[in-house]
Amino acid sequence: DAKTTQPNSMESNEEEPVHLPCNHSTISGTDYIHWYRQLPSQGPEYVIHGLTSNVNNRMASLAIAEDRKSSTLILHRATLRDAAVYYCILIFFTGAGSYQLTFGKGTKLSVIP
Amino acid sequence: DTGVSQNPRHKITKRGQNVTFRCDPISEHNRLYWYRQTLGQGPEFLTYFQNEAQLEKSRLLSDRFSAERPKGSFSTLEIQRTEQGDSAMYLCASSLGPQDRELLGTDTQYFGPGTRLTVL
């Protein structure tokens with residue numbers, strides 16, 4: 001299964017943009033890139049996903065490199081509520097018509113007031 | 001939409017005891033997943049159900065672990081003869097699954113708050 005590499009931690013000032021990088025150099029052509037985040041003492045929460053094109057939703061934007069070997073999650077204005085561990089995940093497809101989310105350690109984002 | 005719920009939220013037990021956790025997925029979701037998360041690590045996949053059928057099991061799921069989803073709705077995860085190494089957060093997630101199998105990569109999972117197990 002393809003692996004992802006993320007920085008262990010990042011800091012951001014409140015109300016400033018945050019760019020969270022992810023490297024996935026072994027990505028295959030059909031792998032979707034998913035981002036989840038986990039706030040303290042909560043289960044993970046879906047943020048965004050993409051395949052080739054950049055994606056926007058109400059929570060964030062996802063910028064995918066042209067060669068798809070890296071991607072960046074963009075939070076346009078960080079708030080204190082965005083302090084969480086952010087996971088970049090490549091879906092691992094199994095033979096049973098299903099998939100697994102393979103979480104790494106993620107990036108712990110701290111937001112400074 | 002009440003989201004995914006898990007009970008209990010916390011469980012403290014003595015080594016050797018059996019414990020059972022319950023997960024109630026989002027009502028129309030036919031896919032259900034169990035994960036385990038230890039301190040400082042990301043969640044690790046344990047098992048997956050599509051409706052009532054358990055289709056995937058991780059090597060992490062030893063013989064002491066058993067999961068069921070008898071009517072394709074709620075699920076239970078039982079750990080027999082608990083060990084201190086079983087102390088972790090047990091997370092449940094559910095998903096709708098894509099209508100088109102080729103779009104499986106677009107499926108998104110909704111997680112519950114987890115059950116934190118402490119084995120003394």
Side-chain angles (χ1 to χ4, degrees), chain A residues 1-6 8-9 22 24 27-53 55 57 59-60 62 64 68 71 84-108, chain B residues 3-6 9-10 23 25-26 29-51 53-61 88-116:
Chain A
D1 49 330
K3 297 189 184 302
T4 61
T5 304
Q6 300 177 252
N8 290 333
S9 62
C22 180
H24 30 76
I27 191 171
S28 71
T30 57
D31 286 344
Y32 279 79
I33 302 157
H34 283 241
W35 284 80
Y36 282 73
R37 71 179 185 181
Q38 188 170 22
L39 279 64
S41 301
Q42 295 188 25
E45 172 187 34
Y46 166 78
V47 178
I48 200 166
H49 75 269
L51 183 61
T52 56
S53 304
V55 183
N57 66 20
M59 291 180 68
L62 177 61
I64 301 173
R68 300 203 335 118
S71 61
V85 178
Y86 287 78
Y87 297 99
C88 170
I89 298 167
L90 301 184
I91 300 298
F92 171 54
F93 294 95
T94 69
S98 183
Y99 67 93
Q100 297 174 14
L101 295 180
T102 303
F103 292 81
K105 291 190 176 182
T107 296
K108 184 175 182 179
Chain B
V4 177
S5 61
Q6 293 187 246
R9 293 292 308 277
H10 303 274
C23 170
I26 294 171
H29 286 186
N30 57 28
R31 296 171 178 243
L32 187 146
Y33 310 81
W34 284 98
Y35 293 82
R36 181 175 72 182
Q37 185 174 25
T38 53
L39 203 61
Q41 304 296 317
E44 297 172 290
F45 170 79
L46 290 178
T47 190
Y48 155 68
F49 288 86
Q50 185 161 341
N51 299 310
Q54 187 174 19
L55 298 182
E56 295 284 338
K57 287 198 291 186
S58 161
R59 286 170 294 180
L60 293 175
L61 214 65
M89 176 76 83
Y90 290 84
L91 293 159
C92 175
S94 70
S95 74
L96 188 58
Q99 290 189 348
D100 184 343
R101 184 166 170 163
E102 289 185 357
L103 296 175
L104 186 59
T106 65
D107 195 35
T108 58
Q109 295 186 17
Y110 295 81
F111 284 79
T115 295
R116 180 165 294 285

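Only this structure's heavy atoms are used, side chains among them; waters, hydrogens and symmetry mates stay out. Chain naming here is simple, since letters A, B, ... match the order of the sequence lines and numbering starts at 1 in each. Everything quoted here is computed from the prediction, not taken from an experiment.
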Applying ring-ring contact (aromatic ring centres under 6.0 Å, His included) to Tyr87(A) and not counting sequence neighbours gives Phe103(A)
Pair Gln50(B)-Ser98(A), side chain to side chain contact (heavy atoms under 4.5 Å, CB included): steps then yes or no = CA-CA 9 Å; Gln50(B) 185 161 341; Ser98(A) 183; 5.7 Å; no
So, the part of Glu44(B) with a heavy atom under 4.5 Å from chain A: the answer is neither
Here the gap from Gln100(A) atom CD to Thr47(B) atom OG1, rounded to the nearest 0.5 Å, amounts to 9.5 Å
Chain A shares the most heavy-atom pairs under 4.5 Å, among Cys92(B), Gly112(B), Ala93(B), Gly42(B), with Gly42(B)
Whatever's closer than 4.5 Å to a heavy atom in chain A on Pro113(B) counts as backbone
Here the pair of heavy atoms bringing Tyr46(A) nearest to Thr108(B) is CE1-CG2, 3.2 Å
Turns out that what part of Ser95(B) lies under 4.5 Å from chain A's heavy atoms comes down to side chain
For Pro44(A) and Leu91(B), the nearest pair of non-hydrogen atoms, with its separation, is CD-CD1, 3.9 Å
Could you tell me whether the side chain of Tyr99(A) reaches within less than 4.5 Å of the side chain of Gln109(B), counting heavy atoms only? yes
When the 4.5 angstrom heavy-atom criterion is applied to Ser41(A) and chain B, the contacting part is backbone
- Query: Do the non-hydrogen side-chain atoms of Tyr33(B) and Leu101(A) ever get within less than 4.5 Å of each other?
  - Reply: no
Shortest non-hydrogen pair, His34(A) vs Gly105(B), comes out as NE2-O, 2.6 Å
Okay, Arg116(B) and chain A: the region with an atom under 4.5 Å from a heavy atom over there is neither
Residue set satisfying side chain to side chain donor-acceptor pair (under 3.5 Å) with Gln42(A), at least two apart, ordered chain then number -> none
Does any part of the side chain of Tyr32(A), heavy atoms only, come nearer than 4.5 Å to the side chain of Thr106(B), both counted from C-beta?
yes
